[in-house]
Amino acid sequence: MSAHTDNPQDALPDDEGSAFPLLLTPGPLTTSAATKDVMANDWGSRDVEFIALLTSIRARLLEIAHAGPEGECILLQGSGTFAIEAALSCFVPRDGKALVVINGAYGKRAVRILDYLGRASSVLECGEAETPDPAALETMLANDPAVTDVFLVHCETTSGIVNPLADLCAAVKSQGRRLIVDAMSSFGALPIDMAALGIDVLVSSANKCLEGVPGFAYVIAGRELLHQAEGRSHSLSLDLHDQWQAMERTGQFRFTPPTHTLVAFERALEEHEKEGGVAGRLARYTANRDVLVGALRALGIVPLLDDADAGPIIQTFHSPRDPRFDFERFYDALRERGYAIYPGKLTNARTFRIGTIGALDRTVMRGVADAISDVLDTMGVTDLAPADTRTD
Ligand SMILES: *Cc1c(COP(=O)(O)O)cnc(C)c1O
């Protein structure tokens with residue numbers, strides 16, 4: 001039974017009140033029982049069945065991305081950041097320059113990676129609760145011919161804001177630059193048509209909207225770009241060209257693959273397809289968001305973002321200004337009730353976050369909202385106005 005049916009019993013961990021709460025986080029997140037179950041067996045990395053499974057995962061990811069006939073998918077061990085670092089090292093030429101669009105922690109992390117790699121960079125930065133301006137991006141590119149690549153984050157998980165992908169892509173393409181998109185927390189739930197948008201490189205990972213368990217990430221790029229990347233990476237383990245060539249030749253990873261994670265991911269992809277692919281997943285996450293945000297608003301808790309900018313992935317709420325509100329106590333009390341939420345990550349506002357992705361449904365979201373109401377009562381928190389925007 002999958003964990004996201006409308007029967008609340010199915011949505012709770014088997015062992016209620018156990019050490020395993022539902023994860024209302026942007027990954028690792030709550031996975032279905034079936035996805036966990038298939039990890040009970042050990043798989044050999046050279047097994048023909050395992051090799052066939054890798055081939056099928058790669059093909060399916062290319063379809064979801066609408067990568068077109070030139071597209072190739074490279075799987076890589078590690079978390080999403082490993083694949084971002086691999087992509088930046090392989091696609092930004094050593095004498096190139098990357099313009100990074102920043103409205104949160106993940107854009108900033110890309111700049112740190114470029115610094116480690118010794119690649120020149122510049123930034124277009126706006127506030128964490130604002131979307132970047134495509135016209136400003138176009139102007140910056142027009143004024144700086146040295147920029148070879150643009151790196152942008154689709155859903156900035158710091159706040160959950162969904163950046164205007166189509167307009168930002170159009171700005172980059174109008175200036176003829178290479179485009180690398182961090183679609184880590186959007187891929188599989190928000191539609192992305194790489195070919196139509198002109199996205200050259202897309203990076204995502206197993207444990208976000210495709211609802212797998214952590215252990216690998218993937219990069220989708222055109223064959224020509226991969227050929228150009230030969231010999232460019234500073235790192236053997238992060239060399240996407242080398243990994244790609246080995247996968248093409250042998251169907252296998254070069255080094256020990258996270259076998260259980262890959263088997264679980266194949267199962268998770270089947271569930272994605274059964275749910276109706278990207279459209280089906282988006283519908284469930286959107287319903288999750290609507291229920292959660294609606295219920296917390298009704299309590300008096302204020303979301304950080306306008307509805308138009310807040311995606312269905314993770315919701316950021318202002319912490320209540322009531323002096324009796326204490327995030328640690330709030331977190332622990334929710335955890336005791338079976339829900340693990342996320343602290344805020346904004347630089348200049350006190351917030352908390354609740355993920356609306358994973359194998360969870362509206363029933364769970366209603367449960368979280370009820371638990372929050374209950375916990376705030378217990379804490380004696382009555383003034384729910386935002387902590388950082390005092391109006392009195
Ligand atoms: C999760 C995430 C990453 C990668 O984070 P890891 O912890 O390395 O998996 C990168 N970018 C975005 C937008 C993310 O949400």
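Order of listing sets the numbers, starting from 1, for every ligand and every atom in it.
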Task: Main-chain N/O of Thr31 paired to Thr35 side chain as donor or acceptor, under 3.5 Å - done: no

- [ ] Using a strict cut-off of under 4.0 Å between a residue heavy atom and any atom of ligand 1, list the qualifying protein residues by chain and number.
- [x] Ser79, Gly80, Thr81, Tyr106, Arg109, Val153, Cys155, Thr157, Asp182, Met184, Ser185, Lys208

Task: Considering all heavy atoms, the nearest Arg119-Arg94 contact - done: NE-CA, 3.6 Å

TODO: List for me each residue that meets side-chain contact (heavy atoms from CB on, under 4.5 Å) alongside Asp47, sequence neighbours excluded, and say none if there are none.
DONE: Glu49, Phe50

Open item on the list: Set out, in order, the CA-CA distance, both residues' side-chain angles and the distance that settles ring pair (Phe, Tyr, Trp, His ring centres under 6.0 Å) for Phe330 and Phe325, then state yes or no.
Closed with: CA-CA 7 Å; Phe330 182 64; Phe325 182 82; 5.0 Å; yes

Task: Close aromatic pair by centroid cut-off 6.0 Å: Phe265 and Phe216 - done: yes

TODO: Take Thr356 and Gln315, measure what side chain to side chain donor-acceptor pair (under 3.5 Å) needs, and give me the verdict at the end.
DONE: CA-CA 7 Å; Thr356 40; Gln315 312 309 319; 3.1 Å; yes

